[in-house]
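Before any comments, here is the structure.
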Amino acid sequence: MTEGLVDYVLSDYLWILAVMLLSPTIATLGLAIQIPIASAIELALGRATWARRPGTAIKTVVGTTVILISFVLINLKEDRSKRERGEEEMEEDDDQEYRKENEIKISDFKRNISV
């Protein structure tokens, strides 16, 4: 039962908080980053059975590369669009306002879960 709570409930709860604090796209890409990290850890520990087969190794490397590139490109695009709109000066004010709105949402969410 404890494993189920940690594996499913806690992970979903943290993902919902990430969506509220960031954005759905960034939060989902953050989840996708787990694939390259897991691949690198398996490789470092010598447990990467996928690395023994050339076809599987190539697919894994290509897939992890695509995930990492997409994460970088989306973050670069977000920064560029902010600069183009001239929001650099207003960014701190927007961040504070966004955090206040999300703190209210998060506190409501926590209150509803504890019921």
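Heads up: numbering here begins at 1 and tracks the sequence.
Note that the CZ atom of Arg53 and the CD1 atom of Ile58 stand 13.0 Å from one another [nearest 0.5 Å]. With rounding to the nearest 0.5 angstrom, the CD1 atom of Ile74 is 12.5 Å from the CD1 atom of Ile69. One finds the OH atom of Tyr13 at 4.5 Å from the CG atom of Leu17 (value rounded to the nearest 0.5 Å). Between the CG atom in Leu29 and the CD atom in Gln34 there is a gap of 12.0 Å [rounded to 0.5 Å]. Remark: Leu43 CG to Thr60 OG1 distance equals 10.0 Å, nearest 0.5 Å.
The shortest heavy-atom contact between Phe71 and Ile26 is CE1-O, 4.5 Å. Residue Ile67 comes nearest to Ala32 through the heavy atom pair CG2-O, 3.6 Å, listed as atom of the first residue, atom of the second, then distance.
Heavy-atom contacts from other residues, nucleotides or ligands closer than 6.0 Å to CH2 of Trp50 number more than 12.
Between Ile33 and Leu68, some side-chain heavy-atom pair lies under the 4.5 Å cut-off.
Residues Val72 and Ile37 do not share a hydrophobic cluster, defined by chaining ILVMFWY side chains whose heavy atoms lie under 4.5 Å apart.
Between the side chain of Thr64 and the backbone N or O of Val61, at least one donor-acceptor pair lies under 3.5 Å.
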